[in-house]
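Beneath this line is the structure, given in structure tokens, with notes to follow.
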Amino acid sequence: MNPRTGIQSSYWLETAPPPAPAPPPSGDLTVDVAVVGGGIAGLSTAWELVRQGREVAVLEADRVAAGVTGRTTAKLTAQHTLIYDHLRRTRGPEGARLYARSQSEAIRYAAGLVDELGIDCEWEEAAAHTYAEDPRHVAELRAEAEAAREAGLPAEFVTGTDLPFAVAGAVRVSGQAQFHPRKYLLALTEDLRRRGGTVYEGTRVVGLTEGDPCVLRTDAGVSVRAREVVIATHYPIFDRALLFTRLSPRRELVVAATIDEDRAPRDMYITPERNTRSVRSAPYGDGKRLLIVTGEHFTPGAADVEERFARLSAWADEHFTGLTFTHRWATQDNDSTDSVPLVGPLHHGSRHTYVATGFGGWGLSGGIMAGRLLSEQINGRTVAWSGLYDPRRLAPVVREGMSFLKHQAQVARHFVGDRLPAMTAPAVGDIPPGHGAVIRLGGQQCAVHRDETGSLQAVSARCTHLGCIVAFNDAEQAWECPCHGSRFAPDGRILQGPAVRPLEKRDIPQTEQASPES
């Protein structure tokens with residue numbers, strides 16, 4: 001594994017190669033429902049609607065199940081760290097019960113689909129734990145166990161686990177699951193097509209006109225007319241309701257290593273301590289399992305990602321000893337300011353447009369839940385938890401005012417502060433191979449990258465989403481927007497939205513192109 005680019009080596013992507021690409025539409029088309037985004041939320045929604053007899057098209061900018069869903073840790077659980085005591089206080093006991101019920105039903109539903117469709121996705125039932133090593137957090141864990149139990153989950157406070165180190169306590173929820181998410185979704189996609197649904201890959205949607213029908217426009221100039229539109233692009237590419245003010249993007253690192261089967265934990269674990277540590281294992285064969293450790297979350301564009309990888313790997317090796325690391329990658333999540341996903345009508349005036357976002361690191365159960373919820377709403381039916389997840393909700397935002405204001409302050413700091421000249425601005429010649437920096441050239445802020453061969457390329461440093469200044473992630477070799485999470489390759493190509501346009505290319509004056517060694 002290349003120490004720098006190995007981060008792109010997601011185990012799920014590597015072990016479930018895609019079928020032949022589904023080409024973009026060759027011309028304008030009309031469908032009942034257009035689903036924008038081919039991750040778990042989009043594909044789950046599309047599959048539900050196709051099964052109910054709707055004519056559905058999935059429009060995916062890259063390949064299906066290859067984005068965030070292809071880089072998850074693949075824990076399918078209703079136990080979301082310390083959510084239930086929080087919900088009991090902010091949404092009341094009924095809100096906590098609806099959350100638990102909706103997430104738990106998603107897990108049972110997925111288990112039923114695995115059996116019904118005969119999906120070989122390494123499905124394993126396991127208990128989920130939120131643990132702490134520090135005794136000062138025991139009271140918090142006990143309160144969470146009580147709240148989760150009141151919400152209807154089989155939750156209990158325990159002090160013993162199958163981890164190879166002692167914990168002060170843990171919330172244990174039985175009857176959860178872990179699986180190979182990409183194998184599951186590729187099988188779901190195949191069944192969707194068999195039932196008459198259509199999938200278009202390499203199809204980036206760049207415009208939306210709401211109406212009856214709605215009209216979507218792709219970057220190739222194709223128009224897609226649809227009675228209903230679902231935006232399931234992880235972070236919404238269209239934001240008529242200013243959802244960007246209520247979503248905070250964060251990246252999280254993943255390392256994977258082989259471990260002897262008799263030493264591998266069989267349950268799933270997470271702690272908010274140490275900037276998060278999440279642990280589970282997956283089948284690997286030959287008396288081995290794959291230990292998957294996640295943590296070190298950070299804002300996109302933050303520095304020292306390589307150091308964060310080193311800390312995570314060191315923690316894993318310290319606690320599980322003798323590991324052979326095989327893969328490492330990163331994922332990205334969006335946290336809502338009130339800790340509950342946003343699933344439902346896109347804005348107050350919406351009649352035919354819907355959104356699913358803000359899953360806060362729990363997108364597998366959340367995405368399956370969203371698919372069922374949106375398909376019911378599109379068919380004019382009410383679901384008990386519609387109000388809980390409604391993106392148009394205002395009261396919870398008021399209650400979570402400090403989180404909302406903190407997020408806005410961080411965005412404002414980047415939007416204004418990153419534009420100010422640094423006290424010692426770097427020069428092109430200061431950029432070493434494999435690194436990038438934002439440099440003012442010809443009066444413009446440019447994102448300049450020098451590859452391992454010494455070749456330079458420059459693009460505009462202004463994110464094409466809402467204009468924040470990007471920063472370079474050295475481990476992933478990508479430009480990242482710290483405001484809303486858009487990510488770009490060194491040449492400006494879009495790696496991840498909400499941006500729908502690449503960074504514009506810039507020229508580097510010949511006099512600026514000296515290498516750091518010259």
Worksheet entry | Value rounded to 0.5 Å, distance of OG in S223 from CG in D28 | 4.5 Å
Worksheet item: Given the side-chain rings of F244 and Y235, with only the six-membered ring counted for Trp, is the space between their centroids under 6.0 Å?
Response: no
Response to the item:
Taken to the nearest 0.5 Å, the spacing of R251 CZ from T331 OG1 works out to 7.0 Å
Fill in: N/O donor-acceptor pair under 3.5 Å between E156 side chain and V171 backbone
no
Fill in: Polar side-chain atom of W329 near backbone of R71 as donor-acceptor pair, under 3.5 Å
yes
Worksheet item: Is there side-chain contact between T464 and V500, with at least one heavy-atom pair below 4.5 Å?
Response: no
Worksheet item: Would you call L59 and V224 a side-chain contact if the rule is heavy atoms closer than 4.5 Å?
Response: yes
Practice prompt. Give a yes/no on whether the SG-to-SG distance for C483 versus C468 is below 2.5 Å.
Written response: yes
Worksheet item: Is the number of heavy atoms from other residues, nucleotides or ligands under 6.0 Å of R501 CZ greater than 12?
Response: no
Worksheet entry | E146 and R149 ion-paired at < 4.0 Å | no
Worksheet item: Between P236 and L247, which heavy-atom pair has the shortest distance, and what is it?
Response: CD-CD1, 3.7 Å
Practice prompt. Compute the ring centroids of H80 and Y99, then answer whether they are less than 6.0 Å apart.
Written response: yes
Item to complete: Verify whether one side chain among T72 and T69 offers a donor that lies under 3.5 Å from an acceptor in the other.
Response: no
Item to complete: Would you mind telling me which of E14, E122, E190 makes a salt bridge (Lys or Arg N to Asp or Glu O under 4.0 Å) with K183?
Response: E122
Discussion item. Distance to the ring centre below 6.0 angstrom and angle to the axis at most 45 degrees; does that hold for R372 and Y109?
Written reply: yes
Practice prompt. Using a strict cut-off of less than 4.0 Å between a Lys/Arg side-chain nitrogen and an Asp/Glu carboxylate oxygen, indicate whether E48 and R51 qualify as a salt bridge.
Written response: yes
Discussion item. With a 3.5 Å distance limit and no angle check, can you tell me whether T233 reaches the backbone of I231 through a side-chain donor-acceptor pair?
Written reply: no
Fill in: Nearest atoms (heavy-atom pairs only) where P300 meets G485
CG-CA, 4.1 Å
Worksheet, complete the sentence: All heavy atoms of R225 vs all of V215, minimum pair found to be CG-CG2, 3.9 Å
Worksheet item: Side-chain contact, heavy-atom cut-off 4.5 Å: V293 with V254?
Response: no
Worksheet item: Are any side-chain N or O atoms of S44 and backbone N or O atoms of A41, one a donor and one an acceptor, separated by less than 3.5 Å?
Response: no
Worksheet item: Just wondering, more than 12 heavy atoms not from R266 lying within 6.0 Å of its CZ?
Response: yes
Worksheet item: Quick one: does T353's side chain get under 4.5 Å of F238's, heavy atoms only?
Response: no
Discussion item. How long is the straight-line distance from OG1 of T189 back to CH2 of W47, given to the nearest 0.5 Å?
Written reply: 12.0 Å
Worksheet item: Shortest non-hydrogen contact from H465 to S486?
Response: CB-OG, 4.0 Å
Worksheet item: Which is it for V114 and C121 under the side chain to side chain contact (heavy atoms under 4.5 Å, CB included) test, yes or no, and what are the steps along the way?
Response: CA-CA 8 Å; V114 169; C121 61; 3.8 Å; yes
Worksheet entry | Value rounded to 0.5 Å, distance of CD in E144 from CZ in R88 | 8.5 Å
Worksheet item: Is the side chain of Q176 donor-acceptor paired with the backbone N or O of T77 at a distance under 3.5 Å, no angle test?
Response: no
Practice prompt. Report yes or no: do R289 and S281 form a side-chain donor-acceptor pair below 3.5 Å?
Written response: yes
Practice prompt. Considering only NZ, NE, NH1 and NH2 on the basic side and carboxylate oxygens on the acidic side, decide whether D212 and R351 come within less than 4.0 Å.
Written response: no
Fill in: D162 and Y269 side chains, donor-acceptor separation under 3.5 Å
yes
Practice prompt. Sort out for me which residue in W12, Y11, Y284 forms a ring-ring contact (aromatic ring centres under 6.0 Å, His included) with H327.
Written response: Y11
Worksheet item: Roughly how far, to the nearest 0.5 Å, is OH of Y389 from CG of L374?
Response: 12.0 Å
Worksheet item: Just by distance, do the side chain of E150 and the backbone of A148 share a donor-acceptor pair under 3.5 Å?
Response: no
Item to complete: Flag the pair D338 and R393 as a salt bridge only when some basic side-chain nitrogen lies within less than 4.0 angstrom of an acidic carboxylate oxygen.
Response: yes
Discussion item. Between H129 (side chain only) and Y131 (backbone N and O only), is there a donor and an acceptor less than 3.5 Å apart?
Written reply: no
Practice prompt. Please confirm whether the backbone N or O of Q332 pairs with a side-chain atom of H234, one donor and one acceptor, at under 3.5 Å?
Written response: yes
Item to complete: Let me see the working for Y354 and Q377 under side chain to side chain contact (heavy atoms under 4.5 Å, CB included), right down to the final yes or no.
Response: CA-CA 9 Å; Y354 302 82; Q377 291 180 334; 4.0 Å; yes
Fill in: OG-CD distance between S350 and E228, expressed to the nearest 0.5 angstrom
10.5 Å
Worksheet entry | Stepwise side chain to side chain contact (heavy atoms under 4.5 Å, CB included) test for R217 and V205 | CA-CA 6 Å; R217 298 185 309 281; V205 173; over 6 Å; no
Practice prompt. Ignoring hydrogens and angles, tell me if any N or O in the side chain of R63 forms a donor-acceptor pair with the backbone of P19 under 3.5 Å.
Written response: yes
Practice prompt. For E376 and N379, test the side chains for any donor-to-acceptor distance below 3.5 angstrom and give the result as yes or no.
Written response: no
Response to the item:
Scanning both residues in full, the closest heavy-atom pair of Y84 with A151 reads CD2-CB, 3.9 Å
Discussion item. When you compare the side chains of T294 and E252, does any donor N or O come within less than 3.5 Å of an acceptor on the partner?
Written reply: no
Practice prompt. Sort out for me which residue in R277, R328, R250 forms a salt bridge (Lys or Arg N to Asp or Glu O under 4.0 Å) with E296.
Written response: R277
Worksheet item: Could you go step by step and tell me if T271 and T130 meet the side chain to side chain contact (heavy atoms under 4.5 Å, CB included) rule?
Response: CA-CA 6 Å; T271 177; T130 295; 6.0 Å; no
Worksheet item: Excluding sequence neighbours, so at least two apart, what forms ring-ring contact (aromatic ring centres under 6.0 Å, His included) with H137?
Response: none
Discussion item. Is it the case that the side chain of R91 and the backbone of L388 share a donor-acceptor pair, with hydrogens and angles ignored and the cut-off at 3.5 Å?
Written reply: yes
